[in-house]
Amino acid sequence: MNFFNEYDVIVVGAGHAGCEAAHAASAMGLETCLITIHLESIAQMSCNPAIGGLAKGHLVREIDALGGLMGLLADETGIQFRLLNRSRGGAVQAPRAQSDKAVYRLTMKNWLENLPKLTLFQAIVTGILIKNGRAYGVMTLEGNRLLAKSVIITPGTFLNGLIHIGLKSYSAGRANEPASQELSEYLKKLGLKIFRLKTGTPMRLHKDTIDWSRFKAQPGDENPVPFSFRTKKDLENKIVCHIGHTNSKTHEIINKSLDKSPLFSGKIRGVGIRYCPSIEDKVVKFPHHKRHQFFLEPEGLDTAEIYVNGISSSLPLEVQRDILKSIPGLDEAKILRPAYGIEYDAVIPTQLQPTLETRSIKNLYLAGQVNGTSGYEEAAAQGLMAGINAALKIKKREPFILRRDEAYIAVLIDDLISKGVEEPYRLFTSRAEYRLFLRIDNADKRLIKYGYKFGLIKEKDYEAYLRKLERTNRVMHFLIKEKIRTEDKDTISLKDFLKKPEVRFKNVLEYKKPELSLSDEEVRYIESEVKYEGYLKKQAKEIARIIKIDKEKIPENIEFKKISGLTREVIEKLEKYSPKTIGEAKKIPSITPAAIVNLHIYINLKKKKNQSIKMFHVKH
């Protein structure tokens, strides 16, 4: 094989995970190469033309606070913006934006092309170079070798991808793009355990063939909320989405066509997404629902394509056409791209360390859908963390591992490596036990220090954050200091007044105004901090207790088999990984909370026993 070039980091795959990984590693000063099958498909939105949503929007804010790209680009290329749950508490509010898909892709490509330490390279990677249990490069289809100190694999749905439309299927990683079959087989040869997953995408329709009068308009917010703390320009809504519903006739057509569905004929063996099922899955599993909601979302400003969010399908094209004919307003719609289902290989993520480095092969990292996740945002978050950790390891610095109370990113990664997945993983706010801490309004307060430390956040942006922090602290002090008399003739502080459920910050201003003004973002932060204060204090104590336990050292000479209540599997895992602390033990796959409790109790009993023996010797 031919030696081609040598880098610090090689990233394989230029989807959302790969782009963030490559950007992070190169921005941290390492020579990085991003390899993709097609340079034109960098950051392609394979499915919906949107970024964010519940929990996903939280992830994008965290990516931004760490210095990642997704939030900046979503603001730059967004054509409609909405803050979900605006009327509810700050912990469950989340931004969502429709993006111009083509512009997003081109903007990301342009951004990456201008990074001085990053090389973009078009090739098909067929294998990973391994020596003495360490990855040191990749092989390409043409027989070339590219060497590196670390390799990050982010192939999306391309590993052994198989597209299904009706009972016809063909090999592809995305519609009409070649699958990566050799790399999938190579990962298996390396001993990594692989399993099969399934996802899908809906049809795209021509906008001029839709009767828009039959659907309810869904405009963007009057005052759009940006994803990025670094976005300074005012955002503008440029399109309107629409809401529609299926009907009994639609469901009848689907039920009569199930014999043509690869999902129900047994042809598809991969496990699909529970929370984003195909329309045929919805009809079969929820027969009591008379209709199902869908959204008509423009894919961009300079394209006629409309994405039908909510009608993903792998049924034949003729059935897809009949489905449209059954829905008033879509009965004359022309399909530009058929809906399809896709199966692909993923790696069981319990084989990964918290840094996303594989446990069995050093310097090999996995990020994105290959780890069993779904969604652009989950992929981007993993890519960013893999890129940072690969760079830190090369620089011989401590790994970057977030705690579950610090970020949704930590919840995502911890769930993957400790619990594993049986279906494509999707993040929800309910998965985070400390979600009152993990709000969009304080993502910078939680994480920007890390982004700045790693060189991903520029000096001017960090200084802007410090000025913001000073402003909010001054206003918080003002709320504590200033007193008012309420209608009940009670004298209370403005802060206690703001704690009332029905009171908003604008109501506070009717009594007294601080000397400085706040942005809408800062107002949301102040409101959340005040209204959640009691809960936050309680959780802070719990977090401090858990952190203390996690730091507790496990004696080097400990005999795990002597600890009562541990199963044979748990004992074998503890002996295999030899964790140095309780926190490290918690990260080991299959280690249950009950096992951790037993381990903690045993260690403390041993400590007390040893202390008693020492006291006895001192006295005598």
Side-chain angles (χ1 to χ4, degrees), residues 44-53 77-82 84 96-105 165-166 174-176 199-221 224 236-257 261 276-283 289-341:
Q44 172 73 17
M45 291 181 169
S46 304
C47 201
N48 63 316
I51 298 289
T77 64
I79 52 181
Q80 190 196 67
F81 301 88
R82 296 178 63 222
L84 306 184
R96 186 178 189 273
Q98 298 292 135
S99 284
D100 188 310
K101 291 177 75 167
V103 177
Y104 186 95
R105 185 180 69 245
I165 302 178
R174 189 162 42 215
N176 303 314
T199 187
T201 192
M203 68 280 284
R204 273 65 158 179
L205 309 178
H206 195 295
K207 66 178 182 180
D208 295 338
T209 62
I210 297 172
D211 182 356
W212 295 100
S213 66
R214 306 302 296 268
F215 303 101
K216 180 183 177 182
Q218 186 188 48
D221 291 343
E236 181 184 353
N237 292 306
K238 300 175 182 177
I239 56 105
V240 175
C241 297
H242 289 75
I243 303 173
H245 296 87
T246 60
N247 53 54
S248 58
K249 188 176 180 181
T250 310
H251 300 183
E252 182 183 349
I253 291 168
I254 292 170
N255 279 318
K256 287 182 177 179
S257 305
S261 166
C276 189
S278 63
I279 187 61
E280 54 265 38
D281 218 12
K282 292 178 188 176
V283 170
H289 287 187
K290 302 301 180 185
R291 64 179 192 170
H292 292 286
Q293 185 173 262
F294 62 84
F295 299 86
L296 298 173
E297 302 172 342
E299 295 220 330
L301 299 179
D302 298 318
T303 179
E305 292 185 63
I306 301 296
Y307 180 91
V308 192
N309 190 344
I311 308 187
S312 292
S313 178
S314 54
L315 287 164
L317 182 56
E318 63 270 18
V319 179
Q320 295 182 35
R321 183 188 58 204
D322 291 340
I323 288 172
L324 295 177
K325 286 185 176 297
S326 72
I327 302 171
L330 297 183
D331 46 323
E332 297 295 329
K334 290 184 178 179
I335 298 175
L336 298 179
R337 302 183 197 230
Y340 63 82

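Quantities reported herein were computed from a predicted structural model and do not represent experimental measurements. For the numbers below, each heavy atom of this structure counts, side chains included, while hydrogens, waters and symmetry mates do not.
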Could you check whether any side-chain heavy atom of Gln218 comes within less than 4.5 Å of a side-chain heavy atom of Arg82, counting everything from C-beta outward? yes
Search all heavy atoms of Val240 against all heavy atoms of His242 and return the closest pair with its distance. O-ND1, 3.6 Å
Considering only heavy atoms from C-beta outward, does the side chain of Val283 approach that of Thr246 to under 4.5 Å? no
Should Pro298 and Cys241 count as side-chain neighbours, where that means a heavy-atom distance under 4.5 Å? yes
Rounded to the nearest 0.5 Å, what separation is found between the CD1 atom of Ile279 and the OG atom of Ser313? 8.0 Å
Mind running side-chain contact (heavy atoms from CB on, under 4.5 Å) on Leu205 and Leu336 for me, showing each step along the way? CA-CA 5 Å; Leu205 309 178; Leu336 298 179; over 6 Å; no
Step-by-step side-chain contact (heavy atoms from CB on, under 4.5 Å) determination, Phe295 to Asn48: CA-CA 11 Å; Phe295 299 86; Asn48 63 316; over 6 Å; no
Pick one: which of Val103, Thr77, Ile79 meets side chain to side chain contact (heavy atoms under 4.5 Å, CB included) with Leu301? Ile79
One should read off an interatomic distance between Lys249 NZ and Lys325 NZ, to the nearest 0.5 angstrom, of 9.5 Å
Non-hydrogen side-chain atoms of Pro202 and Cys47 separated by less than 4.5 Å: yes
Reported CD1-to-CD distance for the pair Ile239 and Gln80, which is rounded to 0.5 angstrom: 4.5 Å
Any Arg291 side-chain heavy atom under 4.5 Å of Asn247 side chain: no
Between OG1 of Thr209 and CG of Asp331, what distance do you get to the nearest 0.5 Å? 10.0 Å
Hey, mind stepping through Glu280 and Ser314 against side-chain contact (heavy atoms from CB on, under 4.5 Å) and telling me if it holds? CA-CA 8 Å; Glu280 54 265 38; Ser314 54; 3.2 Å; yes
Kindly compute the distance separating CD1 (Ile323) from CG (Leu330), expressed to the nearest 0.5 Å. 11.0 Å
Any chance CG of Asp302 has more than 12 other-residue heavy atoms, nucleotides or ligands included, within less than 6.0 Å? no
Flag the pair Pro224 / Asn237 as yes when at least one side-chain heavy-atom distance between them is below 4.5 Å, and no otherwise. yes
What heavy-atom pair brings Phe215 and Gly244 nearest, and what distance separates the two atoms? CD2-CA, 3.7 Å
Within this structure, what is the SG-CG distance for the pair Cys276 and Asn309, rounded to the nearest 0.5 Å? 7.0 Å
So if I apply the side chain to side chain contact (heavy atoms under 4.5 Å, CB included) rule between Pro338 and each of Gln320, Met203, Arg204, Arg321, which one comes out positive? Gln320
Tell me, yes or no, whether the heavy-atom count around Lys334 atom NZ, taken from other residues, nucleotides or ligands under 6.0 Å, exceeds 12. no
Measuring only between side-chain heavy atoms, which start at C-beta, is Tyr340 closer than 4.5 Å to Ile165? yes
Taking all non-hydrogen atoms of both residues into account, name the closest pair between Thr250 and Ser326 and its distance. OG1-OG, 2.7 Å
Does a side-chain heavy-atom distance below 4.5 Å link Trp212 with Ile306? yes
Salt bridge (charged side-chain N to carboxylate O under 4.0 Å, His left out) evaluation trace for Arg96 with Glu297: CA-CA 13 Å; Arg96 186 178 189 273; Glu297 302 172 342; 3.5 Å; yes
Which class fits the ring pair His289 and His292: parallel under 30°, tilted 30 to 60°, perpendicular over 60°? tilted
Please report the C-alpha distance between Ile51 and Met45 in whole Å, then the side-chain angles of each, then the deciding distance to 0.1 Å, and finally whether the side-chain contact (heavy atoms from CB on, under 4.5 Å) criterion is met. CA-CA 9 Å; Ile51 298 289; Met45 291 181 169; 3.6 Å; yes
